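Predicted model only: the values in this text are computed from it and were never measured.
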Amino acid sequence: MSEDVMKHLFEPFFTRRRGGQGTGLGLSISFRIVEEHLGQIVAESGGSGKGSTFTVSLPLRHSSLRQRKREPVAA
């Protein structure tokens with residue numbers, strides 16, 4: 001990826017595809033989900049045409065995470 005692409009990579013609707021293919025939402029949604037889980041997603045690239053690496057890091061546990069309240073099921 002070029003530096004210009006790297007700058008906009010996680011922005012909603014950013015795409016380099018031509019001809020109406022793709023919406024440019026995949027990486028922005030992924031970024032939001034990872035952040036909501038107190039994680040981090042990092043993109044690295046050696047340059048255009050050299051491939052890219054995406055690293056996702058998520059915590060095993062975090063004390064401030066909201067836990068879902070389990071309600072008893074009415075019979």
With sequence neighbours left out, what residues match S28 under side chain to side chain contact (heavy atoms under 4.5 Å, CB included)?
P12, L25
Any link between I29 and L38 through a network of hydrophobic side chains (Ile, Leu, Val, Met, Phe, Trp, Tyr) touching at under 4.5 Å?
no
Going by atom type alone, with no hydrogens or angles, which donor-acceptor pairs under 3.5 Å involve a side-chain atom of residues 40-51 and a protein atom two or more places apart or on another chain?
residue, atom, partner, partner atom, Å
S45, OG, M1, N, 2.6
S45, OG, G47, N, 3.2
S45, OG, G47, O, 3.4
S45, OG, G51, O, 3.1

Can you hop from F10 to I33 via hydrophobic side chains spaced under 4.5 Å?
no
Sequence neighbours excluded, which residues qualify as side chain to side chain donor-acceptor pair (under 3.5 Å) partners of E35?
none
Would you mind reporting whether T15 and T23 have side-chain heavy atoms less than 4.5 Å apart?
no
What are the two closest heavy atoms between K7 and E11, and how far apart are they?
O-OE2, 3.9 Å
Residues F14, V5; criterion side chain to side chain contact (heavy atoms under 4.5 Å, CB included); working and verdict:
CA-CA 9 Å; F14 177 75; V5 170; 4.0 Å; yes
Does any pair with a residue in residues 21-34 pass salt bridge (Lys or Arg N to Asp or Glu O under 4.0 Å), and if so which ones, sequence neighbours excluded?
R32-E36
State which residues pass ring-ring contact (aromatic ring centres under 6.0 Å, His included) with F54; sequence neighbours excluded, sorted by chain then number.
none
